[in-house]
Structure formats: C-alpha cells, structure tokens
Amino acid sequence: MNEDHVIEVLIVEDNPQDLELTMRALRKANLSNRIQVARDGKEALDFIFGEGPFTGRKIDNGPKVVLLDLKLPKVDGLEVLKKVKSDPRTKTIPVVVLTSSKEQTDVVESYALGVNSYIVKPVGFDGFAAAVGDLGLYWLLLNQPPKFGG
Amino acid sequence: MPLPKARHSPSRDRFVAQIAAGSSFVLGLTALIGWWLNLDPLRCVIPGSTPLKPNIAAGFCLCGFGLLFLCWDKLPKSARLFAQLAAVLVAALGAVTLSQYLFGRDLGIDRWLIRTFPSSMGLTNPGRMQPTTAFCFVVAGCALLAKSTRLPRRFTFAVAAGLSAALLVIGLLAMGGFALEQLFGSQFNLLGMSVSGISAALGFLFLGIGLLALLRSNAELTWSLGRLTSVGFLGAIALTVITTASSFSVAARMLKTHDVVTHRQEVLKEIQEVLAGITELSGSERAFTIIGDEDLLKGREQAKAAVKAKLNDLRKLTAGDPNQLPRLDRLEVLISRRIDFEERVIDAGRNRGLNVAAQMIGTRTGLNLSDEIFAVFAEMQKEEYRLLDSDRRDAQVASTGTFLLLPMGVFLSIAILSLAVFFLNASVGERAKSLLALRQSEAQLHTIVENLDEGVVASDLSGRLVQWNRAALKLHGYSDSQQDRRRFTELADTFEISTLDGTIVPVEEWPLARVLRGEHLSDLELCLDRIGTDVHRIFSYGGSLVHREDGTPLMAVVTINDITERKNAEEMLRSSERRYRSLFESNPNAMWVCDCETLAFLAVNDAAVRHYGYSHDEFRAMSIKDIRPPEDIPALVEDIDKTNDALGSITEWRHRKKNGTLIDVEITSHGVTWRDRAARLVLINDVTERKRAEREIRELNLELEERVTIRTAQLETANKELEAFSYSVSHDLRAPLRAVDGFSQAVLEDYGSQLPEEGKHYLQTIREGAQRMGTLIDDLLTFSRLSRLPLNKQKINTTRLVSDALEDLHVSENDRKIDIGMGPLPPCVGDPALLKQVWVNLLSNALKYTRNRDAAVVEIGSKKENGDNIYFVADNGTGFDMQYAGKLFGVFQRLHRDDEFEGTGVGLAIVQRVVARHGGRVWAQAEPEKGATFYFTLGMEGKL
C-alpha cells in the first residue's frame, strides 16, 4: 500500500484470481505503479473517503480511476458506485465497472448512478488483458482528469 | 213542473169564438123567428126592450154564420167563400142603409123581410135601422171580410182586429150607456147612442168578442204594444169618449136650454095673449057700458073661451114651475071674478041701463080686479123674465163650455193620440230593432245549433218533429236535406231504440215521449238501430221542454250525443283492464300498487301474499315502511322523493317478510294512476338467492384474485430467483473460467518457452475448454431469459430489423464474398429484441455454414402462403440431411461436428423458442451440400 502517494488506480475486486489476472494485465501494460487494491466494498469506501484504516488520507489524492467489480462482499459494488458518485468530493472520480455481469439491469443501474463506463470481463484472458490494458491507457494517460483541490 | 194549461188556449179561444158566433146567430134567428111568428118576446129577444129590427136580425144571422165558418180549423175553400159572401152581404146592408139616410132615399130594403111593424117602433121607416147600427154592420162586414180573405196578413189582420175591437168597444159603450140610463136616468146616456135597443148592442158585443177570440186562437192576436203605449191609446180613447160624452151632454144641455128658453118665451107669449084677451073683454065691457051696442058683445063668448083655453095652456106650460102655480090659481080666480063682474055689469047695463053699469064700473071693483090681475100678470112676467135671464145665462155658460170643451177635448185627444202614435212608433221601431236583433240572434243560434256536434231535435207539443240539426240528421242516417217532420211515433218503423243490455224500449218510453210528458232527461244512454240497416249506435240523450216567458211550454228539445266510440273505448278499456288485472293477479312475481304520497298498499297480488306472508287485509293496512327493515327507511323516503315516473326504474332494496326474514329484492316500478291517485305499480323480484350467488362469486373472484396474485407473486419470486440465479450463474460461473483461461495464458506467456509443444497444446485446450464453457453459459442464459421475459410487442419494420441484425454481425463487404440479397420483408408485430435475436441467429448460421463456399449467397425474403407471411433465410452453404431435421431445434443439438462448425447448438433452439412465443412456427429445408433454407412465421398474432 502506497501512503500519501497519489494513487492512480483503485482496483476493487474480491476474486483473487481475477485480481491477479488484472494486475498481470496492468503490469503487461506498464501501468502497475501506484495501484491500490480493495478486497471489498467497505475497504474501497474507506480508502476513497479516507476512513477506517485509511483515516488521514486526503480525498483530494483520490485515484485517477477506480476499477470496480460489482459482486463484492460487504458493501456491494453498486453501493460503492452510488456513494462515490453522490458525494460531491468524489463524484468526479472516474469509475469503470469491470464485471462479468452482462445483466442489463446492472448496466442500466450503473449508468444511472453515474458510472463512466461499463466493461464486461471477457472470459478469454486475451480479451481481458486487452481490455484492462486499454482501460489503463485510456483513463490514466489519455483522459484528462479534473484537477483536485480546484 | 205542473202540467201546462195553456195547451188548450188556441182551442179555447176558438171555442169562445164559436160560442160568440153562435150566440150572434141565435140572437138574429130568434128575432127573425119572432117576426115571422109575430111573437113579441122573441122579436125583442131581450124582454122589455125594443124589438130587434129584422134587418138587424138578419145582419146578425149572417155575421154569426160567417164567423162560425171562419172558426173552422182547416178552412176549405167553399167555407171561406161562404164567409166572404156573408161578410159582403152584411157590409152591403149597412152601407145601403147609411146611404138611405145620407141621400134621403128609400130603397125599400127596410121592408124586404117584414112589411108590417108594430107601432111601438115609430111611424117613419120603422124597419130602418139606426145609422149607428148600420155603421156597425159595415164595420162588422169589413172585419169578417178581412179575416176571410187571403190578402197580406198585416193588412187583413190590422183591419180585422181593428174593426172587431171597434165593434167591441162600441158594443160596450152602448151597453154601458144603457146601464147608466137604467140606473141613473136618461141624462146619463152619455153618448146618446141608440143602437136600436140593447139586443143589437149585445149582438155587436158578441161579434166583436168572437172575431177577437178567433184572431187570438190563430195566434195572430197578441197584445204586443208597450204598456205605456197601450195606456196612452186607452187614455186617448177614454179621453175621446169622455170629451165626446161631455160635449154631447153639454150640447144636449144647450139644446135643452134652448127649449127652455123657447118654453119661457111661449109662456110669456101666452101671458101676453091672456092679457090681451082679458083686455079685450074688459074693453068690450067698457065699450058696451059706454055705447050699449050689443054687437060689441058678440065676440065675447069666444074671447072668454079663448082666455079660458089660453089659461089652460098657460097652466100646462107652467106646470113645472111651482112658483107660478099659485099665481096662476089666483089669476084664474081673479079673472073669473072679473069676468063675473063684467057679466054683471053687462047684465046691469042690459037690464038696468047703462048708467047703472057705469056706476058699477065706477065702484072700481072691476078696475081693482083688473089691477090685481095685471099685477099678478106682471109678477108672472117678472118671474118668467127672471127665469128667462137665468136660463139665458145657463145657455150662455153651456155654449161657452161646449165651445171650450169640444175643441180642447179634441186637441187633447189628438195630443194624446199623437203621443201614443209616437210611442207606438218608438215601440214599433224598438220592436223592429228587437225583431232584427232577434232575427240575428236566431240566425246565430241556428248556426250554432247547426254546427254543434251534438244532435238536436225539436218537436212541437204534439210530438211532431219540427227541426233536426245537421248532426242529428247525420246521427240518424239521414242526408242533410231530409228533415223528417213526421210525428215521432211514426218513426217506430224506421228506428228501434233499446237499452244498453238489449231490452227494446217502446215508443211511449222514447226519450222524446218522456220529454213531452214533462221529464227532464240527462245522460240517458240508449242504443239506436236503424231498421233494415246495420246502423247501430249508442247515444246519450238529454232533453227537456222549452217554455215561453210566461211559463207555458213551447216545444220539446232532445239532444243526442254519439257515445258509441266512447262506449267501445270503455269496453275495450274494461277488457284490457281485466286482462291487466289478470296479469297482476296471476303474476308469479309479487306485485303491488302503492300510493305515492302515503306509501300505503293499495292493492297486492296473490304472489305477494304468498311470498311475504302477510294476508291481503294485513297488506292493505300497511305501508311500504312496514316492509323495509327499519334502518332502510330514511333512504326509502329519500328515494320516493326523487322518484319520477320514468318507466322501468329499477332499484334494489331489502324487505322484511312477515316472519322477519330479510330478503333482497329488485324493484321495478313505474307511475300509474290508481283511482285518481298518483300511485306506483311495483314488481318485486326476490333476488336474495342471486345476490347470495353474486356475493359468492365476488368472494370467489377475490379469492381467485388473491390466489392469482399469490401465484403471480410466487411466479415473480420464482422469476426473480431465476434471475438471481442467472445473474449469479453469469457472474460467478464465469469468474473461475476466466481464471482458468487467464492463468493458462499466463503460463503460456511466461513459461511457454519452457514447455514442449504438447504442453502448450494441452494448455491451449484448457483455454479453449474454458472459453467454450463461457459461450455455453452465455447461450444458456440467453435461452432461459427468452422464456421468462414478457414479449414487448410492437410494430416492427422487418427490413430495418434485419439490417440491424446484419450490422450486429459485422458483415462488411470486404470480408469474403457474401452476396446477401434482401427481398421485400413485410412488417410484423412482435418483440423487437427477441426477433432481432432470431434474425441474428439465423443469419449467423447462414454466414457460418457458407464459410467454405467461394461465393456465399444468402437470400433473405418472404412469401405469402394461406394469408401468413413466411420469412426465410436461404443459403448455399453446407446444408444438412433432412433426416435429422427434427433435431435441428433441440437445445444443444448439433448436426455438425464442432470441428467442422463451431456452435453450442442453442441458436436454433432460441429461434424456435422466440418464434413459438410469438405464436408462429419455424422449419427448415435443406440438402447436404446444397444449402439450407430456414422458414418461420409469426402466426396471426404476428401479422400486422
């Protein structure tokens, strides 16, 4: 865990295999610096809002992008999304839902809550890796985030 | 109403006329018989009066005869002729007699019947009737003539009535004069009329009465002058009579006075002559005494006789003067003494010498006597002169009176007469006006009567029908012009009248007969049949007698109203009422009639009695309120207030039977009139059972709904569960697959160089397996979703849908040569998403299985068969063996090996599931290596 360094990516994933694969993909894309992992929704929220074990972390240092899985224990992915997107301090943080659910309801709900994009995890790893790589490239390098603290 | 007496009036008058005529005739005849038989009592007719002159008697006979004829009811021409003849004769008789008087001729008619007359009747022309009588006969003759001729009524009537009245008046006056004369003396015979005795007066009286009575009996004579006018006339006549009478009496007095004066003068003359006689005597005596000649005495005896005679005359003349009588006596005594003295003187002269005579004269005895005589004579003369003066004065007065009275009376009479004339004129004018008004109102009345719908029939008192109005004619089947004027009794052969129940009514009881008897009819309902026809009508008769102003009945009037229609309508109403009553009574449903205001039961039928348990009487004592449960009564009151008469208002209420059971009833009611009260006829339908059934149904429905809801909820829950399941499946199942694939790839990537080919192959296989499983999972998910999701049916532009599907499949021209032809695709109705999936699946299959062809041809189109649209996708790909066509659409069923063509075998199953859900069907036709065509329809529901 990086402290006080600006975290660029927050990965919220409970499945260790998926997590490992995601990390690998990011590594392959040379985007594996400053990655924060949260294993469930609560951890994610604590991190984002600087609470719990992360008390003291500045919200302004928020990640550049959040890769959010939906099926999470404790606090559900959509909950996290909602919380993030409804709080004026954090709603500008790009959130990308990265999930294996193709359910339309999830899609609709996510967008309703203000998700920035919704990616379905392909089963094949190549695709997965490509997706993650693209994501990273896009959100970290291409996309202009809002300046924090402004 | 008392029986009218006046009905006999015309005949009574006629009877009177006949009696009068007969009396006149008898009068004359009696006298004539008396003359022929020379019997005095008969001749005089009325004993004690003068005999009736034969001409007069004859005249009366003729008049009476003529009048009798005229009294005949229906005067035959011969009778009329006789009467006219009689009248002419009588008039001629009178006229001729009058002419005899006027011209002083004797035409001998006075003796044509009788030659010798008794002396009591006078010497000159004893048989000639008095002029007044003659005049009366002329009048009588003219009157009779007028009555008997056919000249215009106004003329004849005026003449006849006027002359008859004149006769009557003359007769009355004569009788009156006679009566007065008998009672009070002859000076009261005011008019001095001598109508040849009382018998003649009586005769004329009879004639006058008779003629007037006859005129009255013919209803020609009615006294119609105004009272004032009549009084005026009578007054004028009376005044004329009085004036004439008084002037007559005055004139008579004048005459008498004249006589008296003449008488007085005669007395005076006699006195003078007596005086002269005596003077002559005394002169002769003196002369003798002086001369002594005897010749001087010659005339003496004659003179003495003359004096005596004159004295007697004087005595006669002064018989009525009591004053003169003693004087006359004295005078006679004195004269006789004087004469005696003169005789003695003469004697003495003769015998004893003239000197002695002279001496005697010288004694003055004779002279004294003469003086006394002259004194008495002077007294007498004075008396006479005095009386003469007073008589002259009387005469003066009388003549002055006459002079005044006569013209005054005449003028007064003229004045009153002219007043009367003007009154008459006025009343005549009024009469004319009122006559005109009467005529107008009569015409109006006639019009009204004619135009009535009611029939009106009038008859005279003998039952002879005089008038039918138009309606009456029509009702009896006559034409407009047929006025049947027979006596109603004769109508019995044309009509038959019966009562409503068929009893024949005899003619005596016919409405008109009853009215003639004095009954007043009203609403008498009878049937009238015209014999020989089938005219049968029911009439309502009314009628009564019509009276004149004085109460005498004039005619009978019967009114007829045709009530046939009404009676028929009544009968129909009654029978319909009976029918309805039976409907009411025998209706299996309870029915009743209740009063709108009091809500009381007016009538109930047996079904109500049976159903509710109350008896008829109990019902009638109750009102609707007693039938309702108490809590419903306010609503009842409100409802009744709102209720109008609209037919068939149906409401539901609860009623309570006698045994307390509450029942639900459906009330159908509408307004009726029940014996003039506003009421409602109510039909009660006991719907308790029905309501119960309804309630049950409702409950069952609710239950059902609940169950359905529950079931639906359950289904929904199941669905949700399935959803969740799918969700978790899709999510959770894939994750490990990803891991498998991912890590295999990682190994390959990281340690692939260290692995032999087989190892790499194995890893690759692992990867493929995992991917395949992912596909399978996706397909399964899709498949299950398709079964659950509800169809979102819309109109679909099939062409566009197919284009979208092709786009989804990323078909681009650059790829291998694929010739995709699209024919016309008619629009349809269905779920666009699902149908798109269908097209996607079919098209992807087509594309997939033509992969090996150099020139892939895919044909997309549709055709019509039996009204259905059949869409098809045809390709020239691998095709399949039709033998295995049944397996085509099974889940996970494949007709090709996976190494030939990949696939999970779910695509077509999805197609089949979707199409089936749309109500259509899908099938395919193919040949190995020749291509395949897949057809599908969307059924009737899918048709646009």
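Within every chain, numbering begins at 1; the chains are lettered A, B, ... in the order of the sequence lines, protein sequences first and strands thereafter. Keep in mind the model is a prediction, meaning the values are calculated, not measured.
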**OP:** Step through the shown structure and confirm whether more than 12 heavy atoms of other residues, nucleotides or ligands are within 6.0 Å of NZ on Lys760(B).
**Re:** yes
Subject >> Arg24(A) side chain near Asp750(B) side chain, heavy-atom distance below 4.5 Å >> reply: yes
Original post:
Heavy-atom distance under 4.5 Å to chain B: side chain of Asp14(A), backbone, both or neither?
Top reply: neither
Original post:
Rounded to the nearest 0.5 Å, how far does CG of Leu21(A) lie from CD of Gln745(B)?
Top reply: 10.0 Å
**OP:** Might you confirm whether atom NZ of Lys42(A) has over 12 heavy atoms from other residues, nucleotides or ligands at distances under 6.0 Å?
**Re:** no
Original post:
Taking everything shown except Tyr751(B) itself, do over 12 heavy atoms lie less than 6.0 Å from its OH?
Top reply: no
